Each structure stands twice: as C-alpha cells, then as structure tokens.
J.: 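Take this structure first; my questions come after.
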Amino acid sequence: MATSDLKLVNGEEVKAVARAELYATSDNPLLNLWLRFVAFLLLLIGKRNTAQITVTNKRLVCESKSRILWVFPTAAVFRTVLPQAVASVQYSYQTLCCCCCRQCTVAVTQIDGTTFGFIVKGSTGAATELANLVVQTLAR
C-alpha cells in the first residue's frame, strides 16, 4: 500500500514511512551467510516478501505482502493499531558492528493480550527515530 492509498482521518498526518524486503537475519555469521543464499534463490524464482510501516500521529499501520514470480500476490496482512487498544509498548536497542549500526526492537502488547513486534536496523539516527515515533504515537 503506498502512502497515498492510506485514508487519513480528520487531523491525522503521516510522520514516517518505512519499507523493507523481509528476510531473516541472525547474529551467527554462518547462519547469516546461509540466509543470504536462500534470499538470493528466492529472488531468482521471484518470491518477494515486503513490509511497510506507516506511523501517523494517531495510529500505526503495518502491512506485509508476499508475491511469487515477481507480480502475483499470494498473501497480504494489514494491521492497524490505535493507542487506546495498546496495553504496553516495549522498546529496546542493541548496538551492532562496532557502534556504527543499531538494531531497535519495538514490541506492542494489545489489551486483548496479542503481541507483535518488529525490528528496525540501520543507521543509529534513522532506526532510533522511527522506533521513537512508534513509541510516542502508541504510548498515550
């Protein structure tokens, strides 16, 4: 879903949008090498898993899509989280690669007990800024 496809409610504005290809990573270098090889094979056959997180001043919208043969959709999952449905928001970070990269983990627990989370990797400023926007939006 492109940001322009997202229907905003009155007074709502988009604070941040993050898009990514979804592939597993690990701290184990051998496993990480294997996962990169698997990701390359999936790229050759056209299997793509993408995700987008849109943070507005009133909600968090998470979307993930799967495609095969580069264009045929196989799955789509959308989740909208409103601040009043959140029981807790957990935020943690871990420094990787000799202090030059940071991995931020955000876990959201809803009132009904369901929990979901996501990991933001990247430069120190960008990863922390996106995670902080999510926490500020949901922790009200």
Side-chain angles (χ1 to χ4, degrees):
M1 167 175 33
T3 306
S4 60
D5 296 341
L6 182 64
K7 303 291 184 210
L8 300 176
V9 296
N10 194 13
E12 186 176 25
E13 60 185 53
V14 174
K15 298 279 187 180
V17 177
R19 294 179 186 90
E21 296 282 334
L22 299 180
Y23 297 105
T25 60
S26 172
D27 292 333
N28 182 336
L30 293 175
L31 184 58
N32 212 3
L33 182 65
W34 172 252
L35 292 171
R36 289 183 188 270
F37 176 72
V38 170
F40 177 72
L41 290 178
L42 291 174
L43 178 68
L44 290 178
I45 65 169
K47 176 90 169 116
R48 290 183 60 205
N49 296 323
T50 58
Q52 176 175 309
I53 297 171
T54 305
V55 181
T56 70
N57 59 339
K58 295 188 178 186
R59 62 185 168 155
L60 172 70
V61 180
C62 301
E63 167 202 354
S64 62
K65 289 184 178 180
S66 295
R67 296 181 188 271
I68 192 124
L69 297 177
W70 297 283
V71 293
F72 300 111
T74 57
V77 177
F78 297 89
R79 178 181 291 219
T80 299
V81 181
L82 300 172
Q84 54 267 38
V86 173
S88 69
V89 179
Q90 301 164 356
Y91 165 78
S92 64
Y93 73 89
Q94 174 183 5
T95 304
L96 307 169
C97 303
C98 301
C99 302
C100 61
C101 290
R102 191 175 274 183
Q103 172 178 307
C104 300
T105 304
V106 178
V108 178
T109 304
Q110 294 180 305
I111 292 174
D112 64 358
T114 59
T115 301
F116 74 96
F118 55 91
I119 296 173
V120 182
K121 287 186 178 181
S123 66
T124 303
T128 305
E129 183 178 341
L130 179 65
N132 283 334
L133 280 171
V134 170
V135 171
Q136 289 171 5
T137 300
L138 296 180
R140 293 183 181 196

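Not measured: the values here are computed from a predicted model. Quick note: residue numbers are just sequence positions, from 1.
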J.: Would a single hydrophobic cluster contain both L43 and I68, if residues Ile, Leu, Val, Met, Phe, Trp and Tyr are joined by side-chain heavy-atom contacts under 4.5 Å?
T.: no
J.: Are the side chains of R79 and V81 in contact, using a 4.5 Å heavy-atom criterion?
T.: yes
J.: Ignoring hydrogens and geometry beyond distance, is a side-chain donor-acceptor pair present between Q52 and T50 at under 3.5 Å?
T.: no
J.: Which atom names give the shortest non-hydrogen contact between E12 and V9, and what distance separates them?
T.: OE1-N, 2.9 Å
J.: Run N57 and K15 through side chain to side chain contact (heavy atoms under 4.5 Å, CB included) and show every step you take.
T.: CA-CA 7 Å; N57 59 339; K15 298 279 187 180; 3.7 Å; yes
J.: According to a 4.5 Å side-chain heavy-atom criterion applied to Ile, Leu, Val, Met, Phe, Trp and Tyr, with indirect links allowed, do W34 and F40 form part of one hydrophobic cluster?
T.: yes
J.: When you group the ILVMFWY residues by side-chain heavy-atom contacts below 4.5 Å and let the links chain together, are L44 and L42 in the same group?
T.: yes
J.: Are I45 and L41 linked, directly or through intermediate hydrophobic residues, by side-chain heavy-atom contacts shorter than 4.5 Å (ILVMFWY only)?
T.: yes
J.: Please answer: with hydrophobic residues joined when any side-chain heavy atoms are less than 4.5 Å apart, are F37 and L33 in the same cluster?
T.: no
J.: Counting N and O atoms only, with roles assigned by atom type, does the side chain of K58 sit under 3.5 Å from a partner on the main chain of N10, one being a donor and the other an acceptor?
T.: yes
J.: Of the non-hydrogen atoms in R59 and L82, which two are nearest, and what is the gap between them?
T.: CB-CD2, 3.6 Å
J.: Does T74 use its side chain to pair, donor to acceptor, with the backbone of S66 at less than 3.5 Å?
T.: yes
J.: Taking all non-hydrogen atoms of both residues, which atom of T115 and which atom of T109 are closest, and how far apart?
T.: OG1-OG1, 3.4 Å
J.: Under 3.5 Å, side chain of T137 to main-chain N/O of T56, donor-acceptor pair present?
T.: yes
J.: When you compare the side chain of V14 with that of T54, does any pair of heavy atoms fall below 4.5 Å?
T.: yes
